[in-house]
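Comments concern the structure below.
Along the sequence shown, residues carry numbers from 1. Whatever order the structure lists them in is the order used to number ligands and atoms, beginning at 1.
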Amino acid sequence: MTQTMTQTAAAESMTSDSVVKCVKLSKIFKDFWLRNRVKAVDSIDFDIKRGEVFGLLGPNGSGKSTTIKMILGLLHSTAGHIAVFGQMPRDVNTKKMIGYLPEESYLYRFLNARETLDYYGKLFHQNRRQRKQRIDMLLEMVGLDRVAHRPIGEYSKGMQRRIGLAQALINDPQLLILDEPTTGMDPIGAKQIKDLILQLSDKGKTILLCSHQLSDVQDVCDRVAVMYGGKIRQIGTVEELLVKEETTTLKVDHLDPSIIEEIEQVLAKHNKCIDAVEHPTQRLEDLFLDIVHKAQKEGLATHGASSGGEIASFLTSEAVAGEASSESILEELVSNSQPEPVVEKEVPVEQPANTESDEAIASLMDQPKVEQAEAKKPDVSDAEKKRKKSAGDQSVIDDLL
Ligand SMILES: Nc1ncnc2c1ncn2[C@@H]1O[C@H](COP(=O)(O)OP(=O)(O)OP(=O)(O)O)[C@@H](O)[C@H]1O
């Protein structure tokens, strides 16, 4: 009875804008004797809309990765309902629309970067020409083109994240799931990933970001859910969650002490006083980029990853095969291809299972790239502000390239 209600509620609430929908979703890991061992996810409700950047936060063991694995169809839910693009997560049509960067790198150590991407391109049934084109663009985009011949086992942690990101994008996914994408990345790489996320979202791609880097989440996410003990404790836009209604901040040009005194007198009439008078500082990220910028202008050499180059224009539908675009990398990475419209349909509740299939991981990659139909992107005003900021920040990155 409860399951039927849950299923109906989910099906009813599924709209064409909904990319991921979870209703009363739970996951219990059982022990050898099938006794309940860990309630990793405990009856959570949330949905992610098309074009949204959704952040999933929480301390270690709070259930984030388990939730992601259920969205990917790698784990069965124990109870509740989950739909991705209006379909069951295990549906192969769903998997071909998803790109996934796992928290841990599961790439083959003895393959080099080019061979690795070629392997994943083949899994998506891309032809040789398409693979070559995409691989060249992605390697340049993630700044590994100059070290593409080296085995991945030799890569630094940040370089492995970069090749992992390229792998997650090779199928031009409509839903990109990034688990700790900036771990081990230098601030330039982290900044590029954040800009990339915003631009992909701007083109209607949906992004689920799981990160312990709270400043990254704050910079790019439209909405955030904070998990603890398998439950969602708070969910809302970043502004909603962070606003402090009880305090007012006024931002003005430099004030002389005499003016501050006058302001204090005005406030005193209203039984208020100034708590603090401060001068803002710049962010550490800006300082870091400034230092690197200057070092690069002086022509200092590095043997690590480069700052990243042209963005993969294979994600842009106007791209002509074999043509290099003169646009910036981040611009090119963004695809104009649009996702299939979400078909509203009733989705059966998944049966509980005690084991997880590794084959599901393979099947996630084992689908051909398909043309995807038009769909509209939601109006997300908070994201708009961040994108404007990103456009300004982008000039710094462009200078570095
Ligand atoms: N395969 C498994 N078998 C048993 N318990 C598991 C399994 N996978 C996860 N768990 C447990 O489920 C809980 C949630 O784990 P999960 O990996 O989802 O947390 P997380 O929020 O992703 O943590 P982190 O930030 O450390 O990645 C933890 O108590 C974990 O031990």
When you compare the side chains of Thr182 and Asp216, does any donor N or O come within less than 3.5 Å of an acceptor on the partner? yes

Suppose I only count heavy atoms of [X] and a 4.0 Å limit; which atoms of ligand 1 are within that range?
X	answer
Gly63	14 (C), 18 (O), 19 (O), 20 (P), 21 (O)
Ser62	19 (O), 20 (P), 21 (O)
Glu103	27 (O)
His212	25 (O)

Residues at least two apart in sequence or cross-chain that pass salt bridge (Lys or Arg N to Asp or Glu O under 4.0 Å) with Asp118, listed by chain then number, are Lys122, Arg131

Please examine the side chains of [Y] and [X], heavy atoms only from C-beta on, and report whether any two atoms are closer than 4.5 Å.
X	Y	answer
Arg90	His76	yes
Leu255	Ile263	yes
Ile48	Lys21	no
Thr206	Phe54	no

Evaluating non-hydrogen atoms only, which member of [options] is closest to [atom]?
atom	options	value
atom 17 (O) of ligand 1	Ser65, Cys210, Ala40	Ser65
atom 18 (O) of ligand 1	Thr67, Leu56, Thr66, Ile28	Thr66
atom 25 (O) of ligand 1	Lys64, Glu180, Met70	Lys64

Testing Glu239, Glu52, Glu240 one by one against Arg223 for a side-chain hydrogen bond (donor to acceptor under 3.5 Å, both in side chains), which residue passes? Glu52

Is Pro59 close enough to touch ligand 1? Criterion: a residue heavy atom under 4.0 Å from a ligand atom. yes

Within-shell test, Gly58 vs ligand 1, heavy atom, strictly < 4.0 Å: no

With a 4.0 Å heavy-atom cut-off (strictly under), which part of Val38 contacts ligand 1: side chain, backbone, both or neither? side chain

Output a table of donor-acceptor pairs, distance under 3.5 Å, between side-chain atoms of residues 228-235 and any protein atom two or more places apart or on a different chain; print 'none' if there are none.
residue, atom, partner, partner atom, Å
Lys231, NZ, Asp42, OD2, 3.3
Arg233, NE, Tyr228, O, 3.1
Arg233, NH2, Tyr228, O, 3.1

Tell me whether Gly61 has any N or O atom under 3.5 angstrom from an N or O of ligand 1. yes

